[in-house]
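Chain naming here is simple, since letters A, B, ... match the order of the sequence lines and numbering starts at 1 in each. This is a predicted model, so every value here is computed, not measured.
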Amino acid sequence: MTRYLDLYWLFLIQRLKTLMEYRASFILGAASTISLQAASIAAVWVVMQKVPSLNGWSYNEVLMVYGFVTLTKSINHMFADNLWTIGRVYIRTGGFDRFLVRPIDPLFHLLADRFCQDGVGNFVVGIALVIKTSIDLGIEWTLPKALMLIVATISGGVIFIALNLITAVSSFWVIDSVPVTRLVFDNHLFAQYPLTIYPRAISVLLTWVIPYGFASFYPASYLLGREIGNLAWLSPFIAAFLMFIGYRFWQFGLRYYSGTGS
Amino acid sequence: MSVIEVQELGKEFQVPQKDPGVLGAVRGLFRPRYENKKAVDQLNFQVEAGEIVGYIGVNGAGKSTTIKMLTGILMPSSGTVRVLGRDPHKQRVENAREIGVVFGQRTQLWWDLALIESLDLIAKIYDVPPARYKEVLEQFTETLELGSLLKVPVRNMSLGQKMRSELAAALIHQPKVVYLDEPTIGLDLIVKERIRDFIKKECGSKGMTVMLTTHDLGDIEELCQRVIIIDNGHVIYDGPINTIKKRFGKFREITFETAENAKAPTLPAGAEVLAAEERKLQIRFDRTVSSASKIASTVMSQMEVTDFSLSEPDLAGIVKQIYNGALDMEEK
Ligand SMILES: Nc1ncnc2c1ncn2[C@@H]1O[C@H](COP(=O)(O)OP(=O)(O)OP(=O)(O)O)[C@@H](O)[C@H]1O
Ligand SMILES: [Mg+2]
């Protein structure tokens, strides 16, 4: 474990060095992150101007849900962006082979190979939104609430990663897994808003099937003191379970990896 | 126990069949058709510690597929592979510690990192003790002349520079088993020579077990005692390189283009017609018995020749002749 942490650190340093070399693309990436975030927050704001309360949720409360999803998604974005590119960049080119001949876990190698700096901006925005809205709403930060912020951030991030992992495994058969990943991933858009505004089927889906709810709605509800928020303590178990499934499926998929002809 | 043991090894690929045209593409979308392609079939061989084995065959013979199964990249469809007693696919990490791999067609290094940074990282991945790493690096810097390359990112390297770097990266942890899949592809003679020397020195003298794939018979002659020739996924020859050299090394081929369709000419001793096609005549001769000039003048005296060329036997020719029983005859 510490060996893997050490290695991650070394990969990260090299990655940052490379990023410094491509300064222009770094700055462009940061600029696009900021403008995208600004646009999304503006969208929430516009919606809340029209309907000051969404099913009993105020603007700041909705913004907190949005902040959570931004935060947890950014973990996935920073640490597991290669699950998006595995097919196009690694499998189609045969570059994936090299992960398979080294004495470290190939999945770790894949993820560590590219820390994605674009996620950092989202992480900052996400955490800022959660804290700002909590101040505006006059929430008192108790120990359990602080703990929840940490637990939910990590668990929510892992939920994002695990779901992307499960769908990314399809690249061992179809090479480009992006459409499959999109199909599942895009459901997180529901989790930008309180699940209570949706028909029951959708909130069940987002809680028990594709549990993005645990990456936003439930922890936010907990901080807001809503009763349903207690479910949020399940998030680490759900995250661990999904990751377990994802990893097993990944190992299964590796048996079908056929590389390229040349 | 042999270092590499391959038993009844087979690999099938599912190749999607594409029908031509838009209609074909649409049909493929709804009802994809697959054809099973046997890339490797019922392979059997063993490699002992310290051997350098040449693994050769024409394009598409199944060499890379075999290497990928030996390294654990691909899971066999049938049969078994054991490397130092382990299953390379199931015991991937343990196996990976003991092996070094070069795929001449692609890079193992990080495209954007300076060579030294890549090597540092690889040494960490393989957990090479710092003192050992330093020593090996110094040595490689000298033998592969990497001095001026250490600070250069791989993306800025020429093919030859890249291949030297790849070798360093593959051997920096001093593996027991080394797989080299076309390490001299596309290189000029001087770089080839240097790489051969390096392999001889690093692998040969340190008792590493090496499997070397190449299309350059020169590599094989210089490095290997033993060759395995495969074709269509099957082993068609496994034995000393000397037998191959003795049997095929003394032959040359002359191809004549003739003004009219050639009749079979009368030839001097030691020469035979390999093929007589329309306006083309292919003759093989034993250069210990006859000579190119003798054959040429004999043929020219019998028909009008517009052009001719001389060639040494290549791998494809050797494979063809093995099929035609060239080796059986001698063994019996
Ligand atoms: N991933 C794959 N999917 C489908 N077919 C494949 C795949 N990899 C290899 N093949 C097929 O298997 C056969 C053997 O390929 P392989 O790459 O092992 O040949 P090779 O001996 O290394 O050839 P070369 O000398 O050209 O490198 C070829 O017919 C090839 O088309
Ligand atoms: Mg090959």
Side-chain angles (χ1 to χ4, degrees), chain A residues 2-23 25-26 82 89-110 112-115 172-176 179 250-262, chain B residues 11-16 32 37 39 59-60 64-65 67-77 88-90 92-114 117-118 120-127 153 155 166 169-170 173 175 179 181-182:
Chain A
T2 53
R3 176 169 140 70
Y4 276 95
L5 283 177
D6 286 349
L7 278 176
Y8 197 91
W9 179 240
L10 293 170
F11 274 90
L12 185 62
I13 291 174
Q14 294 304 347
R15 171 79 185 144
L16 294 180
K17 274 196 214 160
T18 310
L19 286 173
M20 293 301 139
E21 255 181 79
Y22 292 94
R23 214 167 292 138
S25 95
F26 182 84
N82 260 354
V89 175
Y90 294 94
I91 293 187
R92 196 179 49 78
T93 59
F96 189 70
D97 287 4
R98 71 169 188 270
F99 299 149
L100 297 174
V101 296
R102 298 220 169 116
I104 53 176
D105 186 89
L107 179 59
F108 168 83
H109 203 331
L110 173 74
D113 212 51
R114 193 169 64 89
F115 171 84
F172 291 124
W173 291 275
V174 300
I175 309 219
D176 189 5
W250 162 267
Q251 285 186 314
F252 174 76
L254 274 182
R255 301 156 52 121
Y256 291 87
Y257 174 62
S258 63
T260 54
S262 59
Chain B
K11 182 73 192 175
E12 271 187 23
F13 290 108
Q14 283 205 326
V15 187
K37 156 102 197 146
N59 288 127
S64 298
T65 304
I67 301 281
K68 285 179 190 169
M69 288 191 281
L70 292 174
T71 50
I73 293 171
L74 298 182
M75 193 173 85
S77 309
H89 193 268
K90 284 214 181 85
R92 176 188 310 288
V93 170
E94 295 84 347
N95 177 63
R97 259 186 219 119
E98 314 278 11
I99 69 169
V101 192
V102 172
F103 287 109
Q105 313 260 24
R106 58 177 72 116
T107 183
Q108 303 246 38
L109 301 160
W110 287 265
W111 204 240
D112 291 319
L113 296 188
E117 292 173 331
S118 271
D120 285 351
L121 204 47
I122 288 173
K124 284 288 187 329
I125 291 176
Y126 285 93
D127 229 347
R155 63 166 192 272
E166 294 286 335
H173 59 294
Y179 305 97
D181 193 352
E182 307 200 36

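Contact count against chain A (heavy-atom pairs under 4.5 Å) is highest for E117(B) among H173(B), R97(B), E117(B), Q14(B). When the candidates L7(A), D97(A), D113(A) are compared by the number of heavy-atom contacts under 4.5 Å with chain B, D97(A) comes out ahead. Each of R98(A), Q251(A), R102(A), H109(A) has some count of heavy-atom pairs under 4.5 Å with chain B, and the biggest count is that of R102(A). Of the listed residues (I73(B), V101(B), N95(B)), the one with the most heavy-atom contacts under 4.5 Å to chain A is I73(B).
Contact annotation for T107(B): only backbone heavy atoms (N, CA, C, O) come within less than 4.5 Å of a heavy atom of chain A. Contacts of T71(B) with chain A are made by both backbone and side-chain atoms, with heavy-atom separations under 4.5 Å. Both the backbone and the side chain of I125(B) come within contact range of chain A, judged by heavy atoms closer than 4.5 Å. There is no contact between I13(A) and chain B, counting heavy-atom distances below 4.5 Å. Using a 4.5 Å cut-off between heavy atoms, F13(B) contacts chain A through its side chain alone, with no backbone atom that close. At a 4.5 Å heavy-atom cutoff, the contact between T18(A) and chain B is made by side-chain atoms alone. When heavy atoms are compared at a cutoff of 4.5 Å, F11(A) approaches chain B by way of both its backbone and its side chain. Contact annotation for R15(A): neither backbone nor side-chain heavy atoms come within less than 4.5 Å of a heavy atom of chain B.
Annotation: R255(A), atom CZ; neighbour count of heavy atoms from other residues, nucleotides and ligands within 6.0 Å does not exceed 12. Within a 6.0 Å sphere centred on CH2 of W173(A), heavy atoms belonging to other residues, nucleotides or ligands number more than 12.
Without hydrogens or angle criteria, E166(B) side chain to Q108(B) main chain gives a donor-acceptor distance under 3.5 Å. Between the side chain of R92(B) and the backbone N or O of G72(B) there is at least one donor-acceptor pair closer than 3.5 Å.
When all heavy atoms are compared, the tightest approach of S118(B) to L109(B) is CB-CD2, 3.8 Å. Looking at every heavy atom in both residues, K68(B) comes nearest to T260(A) through NZ-O, 2.9 Å.
Ring-centre distance between F96(A) and F99(A): below the 6.0 Å cut-off.
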Practice prompt. Quick one: do L100(A) and L74(B) satisfy side-chain contact (heavy atoms from CB on, under 4.5 Å)? Show the steps, please.
Written response: CA-CA 9 Å; L100(A) 297 174; L74(B) 298 182; over 6 Å; no
